[in-house]
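Only one structure is covered here, and it is reproduced in the block below.
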There are 2 protein chains.
Amino acid sequence: MSTIAKALGLLDLFSDARPRLGLSDVQRLTGRDKATVHRHLVALEQAGFLEQDTSTRAYRLGAALTRLAGMRVRTVPEVEMLRSVIDDLSRDAGELVHVSRLQGFDLVHVHHAEEHNHPVRVSFDAYGLPPLFATASGKAYLAFAPGGLLDLALADPRTQLPGAPAPNRMEVEGELKQIAQRGYARNRDALRLGVSSVAIPLFDAASRAFATCSIAYPTGRGGKATEAHLARLLMARGEEISQALGGSVPSHIVQLWTPAQERAAS
Amino acid sequence: MSTIAKALGLLDLFSDARPRLGLSDVQRLTGRDKATVHRHLVALEQAGFLEQDTSTRAYRLGAALTRLAGMRVRTVPEVEMLRSVIDDLSRDAGELVHVSRLQGFDLVHVHHAEEHNHPVRVSFDAYGLPPLFATASGKAYLAFAPGGLLDLALADPRTQLPGAPAPNRMEVEGELKQIAQRGYARNRDALRLGVSSVAIPLFDAASRAFATCSIAYPTGRGGKATEAHLARLLMARGEEISQALGGSVPSHIVQLWTPAQERAAS
DNA sequence: CTTGTTGGTTCACATAGTGAACCGATGGAT
DNA sequence: ATCCATCGGTTCACTATGTGAACCAACAAG
């Protein structure tokens, strides 16, 4: 293992729960020699990746990180950031994966990836603006967005499928509550006949829902089991996808998305 | 020089102007051996600090940076982030340095540092809310804030010193224009008799003005020369201060703040 | 077909990293 | 006041790790 990897690995020891670490803490957590750990910490500090509190002598994440992260979001287009994660997810699921960002109440296309495993698969046009209430993505967003938004969305005619009956406010509220508890939204044949999908929200740096990721699959292919399987895949990568865009998922939702056995293991 | 420092130094080669670098680019820029550079790049990539474009094979800043940067802003209080920069600035200037954030049209105290070089120095209470138009900070903010704000600020009575004549809209506009050209705002005896100050805006991650940094000094001490000297110190650190808070200064303002001889050198 | 790029790999060599032992300071317990 | 544990940090002999000249394969322009 390269010394570079060892040193950079130290940064991963810091977390929201454990934002400040002393020399001995790091030494214990890594099992490495104190002298080694110290030299690594000093090197990271000199590069600005760590800062040392002058009074407690504890280390915390440094300013160079925000500087470089800012550079990344400015110079790397969203699509590039998403590519590898979304490709992986599409490969694992064997279905069409789709990321949209919210602009007002429009779901605008950001990126998609499709895998050609199945003979029958979902295809779609990337630039249509589907109505919020007719998609799993739209409902996933509303279920995790701040409260007031629902009324505004209901008032906007563009959020509904033309010709369809207006959604009942009580019913919708009930469904969103279910989604918030379950961790993902689902949809069967609502937007296009024969197409089902599951979706989760994505969160920005301030942990606000601002985009969504969905998997679409032919309704014919799967019953409850398929839906649950795809939803699991989606939720398992939910945090990674938000992070790829520079966001962070609120901890209670990370928990919701983490399978029970994994939670027990950690 | 430690290999860790060498590897981390590679990240600094990336910039807004040069966001993607190939192996040979990095080799040229550093003068190090190609094999060495390559191993460093791979190590950084494996840690997520770099990503390699699969088609062009060029490297760009990676997702680990945004993840860690997010952690930093969540876990490290603003005051902690500012401390070292502001302390340095206060030491260099030998005067009181002051950082405020805008909440509506209130300048709320974030952090300050005072140096005890001079026998006569400015002291102040940290928690007063000075009127926007009576301070260098307030004017620095307005001069670099989006246009519509000025009218809203003029309409708000709290932005003006009680008892003072209402500011003339044309005059104010002219002054803000001057400030925008000069790069900093100034103030003599407006808020408190015998106290002058110079101020610059601070920018957030989206490059919007959201806070200010000012240096206060006794009017008696300095004429034009002192003011210019302190303003230079302030502007020289302007980018660093914004960055400490996770923001980034628009490039045209960085230029405005960079002395002519330094610009020629780089 | 040459010539000059590019990204990447190999291996003998020496430099840079390692860790046991040590130091001084701090903070409880006794 | 003394002991003991723990803290952050340093030293130095030893060797594992990093280094760089030489070497590929692939690609593009002349």
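Nothing here was measured: the structure is a model prediction, and the numbers come from that model. Naming: A, B, ... by sequence-line order, numbering from 1 per chain.
Between the side chains of B:Ser100 and B:Ser137, no donor-acceptor pair is found at a separation under 3.5 Å. In summary, the side chains of A:Thr3 and B:Thr3 do present a donor paired with an acceptor at a separation below 3.5 Å, with no hydrogens or angles considered. Under 3.5 Å, the side chains of A:Tyr59 and A:Gln52 contain a donor-acceptor pair of N or O atoms.
The distance from atom CE of A:Met1 to atom P of D:dG18 is 11 Å, rounded to the nearest whole Å.
For DNA chain C, the span of nucleotides reached by chain B at under 4.0 Å from its heavy atoms goes, 5' to 3', from C:dT6 to C:dG17.
Among all heavy-atom pairs drawn from B:Glu239 and B:Trp257, the shortest one is N-CZ3, 3.9 Å. When all heavy atoms of A:Ile200 and A:Gly183 are compared, the pair lying nearest together is CG2-O, 3.6 Å. The shortest non-hydrogen separation linking B:Leu68 to A:Leu61 is O-CD1, 3.6 Å.
Of the side-chain N and O atoms in B:Arg39, one or more sit less than 4.0 angstrom from OP1 or OP2 of D:dT19.
Between A:His109 and A:His98, the ring center distance clears the sub-6.0 Å criterion.
At a threshold of 4.0 Å, the pair A:Arg72-B:Glu51 counts as salt-bridged, since one of the basic side-chain nitrogens sits closer than that to a carboxylate oxygen. Using a cutoff of 4.0 Å between basic side-chain nitrogens and carboxylate oxygens, B:Asp92 and B:Arg232 are not scored as salt-bridged. Salt bridge status for B:Arg67 with A:Asp12: present, with a side-chain N to carboxylate O gap under 4.0 Å.
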Name every donor-acceptor pair, under 3.5 Å, that has one atom in a side chain of residues 79-86 of chain A and the other anywhere in the protein, sequence neighbours excluded.
unit_1, atom_1, unit_2, atom_2, d
A:Glu80, OE1, B:Arg60, NH1, 3.1
A:Glu80, OE2, A:Arg83, NH2, 2.5

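If you check residues 2-10 of chain A against DNA chain C, the residues with a heavy atom closer than 4.0 Å are A:Thr3, A:Lys6, listed by number.
Rotation axes derived from the C1' atoms of the five outermost pairs at either end of the helix from C:dC1-D:dG30 to C:dT30-D:dA1 lie 30° apart, to the nearest 10°.
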Show the distances under 3.5 angstrom between N or O atoms of the protein and N or O atoms of nucleotides 6-9 of chain D.
unit_1, atom_1, unit_2, atom_2, d
D:dC7, OP1, A:Arg28, NH1, 3.3
D:dC7, OP1, A:Arg28, NH2, 3.3
D:dC7, O5', A:Ser24, OG, 3.3
D:dG8, OP1, A:Leu23, N, 2.9
D:dG8, OP2, A:Ser24, N, 2.7
D:dG8, OP2, A:Ser24, OG, 2.2
D:dG8, O6, A:Lys34, NZ, 3.3
D:dG9, OP1, A:Gln52, NE2, 2.9
D:dG9, OP2, A:Tyr59, OH, 2.9
D:dG9, O5', A:His38, NE2, 3.4
D:dG9, O6, A:Lys34, NZ, 2.3

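Residues meeting the salt bridge (charged side-chain N to carboxylate O under 4.0 Å, His left out) test with A:Asp87, sequence neighbours left out: none.
The closest donor-acceptor contact from the side chain of A:Asp204 to the backbone of A:Arg208 lies under 3.5 Å.
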